[in-house]
Amino acid sequence: MTVHRLDPRTARRLAVRGQALTARRPSGIVPLVKQLTLLQVDPTAAIAPNADLVAWSRLGNDYRPQDLTRALEVDRTLFELDALIRPMEDLPLFLAGMLAAPQRARAREWLAANRSFHRDVLARLKDAGPLASRDIPDTAAVPWTSTGWTDNRNTTQLLELLAIRGEAAISHRRGRERYWDLAERVYPADAVAIPAAEALRIRAERRLAALGIARVTAPEQPIEPIHVGEVGDEAVVEGVPGTWRVDPAALESLESDPVMGRTALLSPFDRLSYDRLRAKQLFDFEYILEMYKPAARRRWGYFALPVLHDDELVGKVDAKADRTSGLLTVNAIHEDVPFDGGTKDAVGAELDALAAWLGLERVGP
């Protein structure tokens with residue numbers, strides 16, 4: 001069995017390259033999502049919505065949010081499922097899982113208790129879709145109970161469950177509001193389910209390619225796993241405990257075609273640093289999203305952007321976009337390690353580019 005022995009820089013470069021953050025930028029939004037496997041949808045937009053910010057950090061100022069909208073709503077080359085945007089060509093990897101959904105006993109029992117409501121919603125979508133959840137009458141016999149925001153939001157909860165079952169799908173959005181339709185009117189008719197075990201293996205292989213380097217197992221995540229099982233080859237990283245998995249083809253490509261890194265401002269939800277433990281072990285980078293902390297207890301800011309320079313995560317930028325005033329206000333640039341002149345200039349140039357992309361004037365350091 002091959003065990004690759006990696007120095008820390010090689011491990012970091014695998015991660016950076018897998019996440020399309022080298023000087024060689026992807027050619028467009030669909031090729032980018034294919035490489036990353038997903039874009040996370042999140043409503044927080046202190047700078048820009050997460051999916052757009054992740055896309056901009058890879059594609060640069062040629063990217064426009066309407067490119068993503070067109071791919072989702074017109075070309076149907078991407079689709080949104082469970083707060084993640086994925087390539088439509090990957091849909092067969094999820095169809096078998098949809099047939100077995102939902103996995104949670106509570107959700108299955110709630111669906112069983114609301115068979116009439118289930119039929120009512122599908123009939124309403126068939127007759128009048130696409131529809132917002134507020135346009136669909138709530139005929140639930142048993143309400144959905146929760147201690148969170150979903151409590152008694154029966155129509156929204158049912159639509160979410162119908163989506164993961166492959167019966168309904170998000171047709172489009174107007175602002176943040178989702179419009180739902182029958183899945184057969186959103187997804188291609190010729191999509192054929194890949195058997196579940198094979199689909200999970202392919203997804204793990206694609207996840208490893210996107211992450212560059214990953215653990216066999218890891219704590220469960222709320223959106224997408226960060227572990228890859230036994231796919232790829234085993235690797236150890238100098239100075240880091242435990243073993244990893246790497247794609248041998250990616251490692252060979254890195255050695256034969258050493259593309260240079262670059263400077264990038266990342267979303268707090270960016271997959272390069274999303275796994276906080278991996279970020280600490282491989283990049284010696286500490287990060288906590290502080291938007292939920294009282295202002296007085298924040299170290300780096302409400303929505304601090306991790307800063308990538310070449311193959312290192314070197315700091316955070318505390319910034320906020322205010323479209324009313326027309327300003328991108330940079331409150332602070334936190335240097336995890338002292339920036340040299342080249343790094344300062346590169347970070348400043350990225351902030352100027354971000355302001356230009358947003359159509360705002362940059363103020364602050």
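Only a predicted model underlies this, so the values are computations on that prediction, with no experimental measurement involved.
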Is there a path of hydrophobic side-chain contacts, each under 4.5 Å between heavy atoms of I, L, V, M, F, W or Y residues, that connects [X] with [Y]?
X: L289; Y: I223; result: no
X: I47; Y: L327; result: no
X: L68; Y: L84; result: no
X: L81; Y: L36; result: no
X: Y274; Y: V317; result: no

Quick check: closest heavy atoms across [X] and [Y], and the distance to 0.1 Å?
X: P87; Y: K34; result: CG-CA, 3.8 Å
X: V192; Y: P92; result: O-CB, 3.0 Å
X: A218; Y: I226; result: CB-CG1, 3.6 Å
X: A48; Y: L53; result: O-CB, 4.3 Å
X: V240; Y: R215; result: CG1-NH2, 3.9 Å
X: L161; Y: A107; result: CD2-CB, 4.0 Å

Calculate, to the nearest 0.5 Å, the distance between atoms [atom1] and [atom2] belonging to [X] and [Y] respectively.
X: T156; Y: I136; atom1: OG1; atom2: CD1; answer: 8.5 Å
X: N331; Y: K320; atom1: CG; atom2: NZ; answer: 9.5 Å
X: H4; Y: R245; atom1: NE2; atom2: CZ; answer: 9.0 Å
X: R86; Y: F79; atom1: CZ; atom2: CZ; answer: 6.5 Å
X: R271; Y: T37; atom1: CZ; atom2: OG1; answer: 7.0 Å
X: D62; Y: W56; atom1: CG; atom2: CH2; answer: 12.5 Å

Is it the case that atom CD in E252 sees more than 12 heavy atoms from other parts of the structure closer than 6.0 Å?
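No, because the 6.0 Å sphere around CD of E252 holds 12 heavy atoms or fewer from other groups.
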
With a sphere of 6.0 Å drawn around CD of E177, does it hold more than 12 non-hydrogen atoms of other residues, nucleotides or ligands?
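Counting other residues, nucleotides and ligands, CD of E177 exceeds 12 neighbours.
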
Would you say [X]'s side chain and [Y]'s backbone share a donor-acceptor pair under 3.5 angstrom?
X: E234; Y: T2; answer: no
X: R298; Y: K293; answer: yes
X: D345; Y: G342; answer: no
X: W357; Y: Y63; answer: yes
X: R124; Y: D135; answer: yes
X: D322; Y: T324; answer: yes
X: N61; Y: A353; answer: yes
X: E361; Y: G326; answer: no
X: H309; Y: V314; answer: no
X: R25; Y: R58; answer: yes

Is [X] salt-bridged to [Y], cutoff N-O under 4.0 Å?
X: D181; Y: R185; answer: yes
X: R207; Y: E224; answer: yes
X: R178; Y: E80; answer: no
X: D257; Y: R17; answer: yes
X: E290; Y: K316; answer: no
X: D75; Y: R70; answer: no
X: E160; Y: R153; answer: no
X: K280; Y: D284; answer: yes

For the residue pair [X] and [Y], establish whether any side-chain heavy-atom pair is separated by less than 4.5 Å.
X: W244; Y: L282; value: yes
X: L354; Y: L305; value: yes
X: L211; Y: L208; value: no
X: D310; Y: V16; value: no
X: D336; Y: F285; value: yes
X: V347; Y: T263; value: yes
X: R203; Y: I194; value: no
X: T10; Y: L251; value: yes

In sequence, state the C-alpha distance, the side-chain angles, and the governing distance for V33 and V30, and then conclude on side chain to side chain contact (heavy atoms under 4.5 Å, CB included).
CA-CA 5 Å; V33 180; V30 176; 6.0 Å; no

Only one of V228, L200, D247, V231 forms a side-chain contact (heavy atoms from CB on, under 4.5 Å) with E205, so which one is it?
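Exactly one pass, corresponding to V231.
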
Of D138, L159, N154, which is the lone residue that meets side-chain contact (heavy atoms from CB on, under 4.5 Å) with S133?
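With S133 as partner, side-chain contact (heavy atoms from CB on, under 4.5 Å) holds for just one option, L159.
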
Counterpart residues, ring pair (Phe, Tyr, Trp, His ring centres under 6.0 Å), relative to F339 (two or more places apart)
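Ring pair (Phe, Tyr, Trp, His ring centres under 6.0 Å) list for F339, sorted by chain: empty.
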
When you look at M88 and L91, which way does the side chain to side chain contact (heavy atoms under 4.5 Å, CB included) test go after all the steps?
CA-CA 5 Å; M88 187 66 82; L91 177 64; 4.2 Å; yes

Mutual orientation of the aromatic rings belonging to Y179 and H172 [parallel < 30°, tilted 30-60°, perpendicular > 60°]:
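Judged by the thresholds at 30° and 60°, the geometry between Y179 and H172 is parallel.
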
On the 0 to 90° scale, with breaks at 30° and 60°, tag the W110-F117 ring pair as parallel, tilted or perpendicular.
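Rings of W110 and F117: perpendicular, over 60°.
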
Test side chain to side chain contact (heavy atoms under 4.5 Å, CB included) on N114 and L158 and set out the steps.
CA-CA 9 Å; N114 282 290; L158 182 63; 5.8 Å; no

So I213 and L6, side chain to side chain contact (heavy atoms under 4.5 Å, CB included) or not? Walk me through it.
CA-CA 11 Å; I213 180 169; L6 309 179; 4.2 Å; yes

Can a donor-acceptor pair be found between the side chains of D270 and S273 at a distance below 3.5 Å?
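Short answer, no.
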
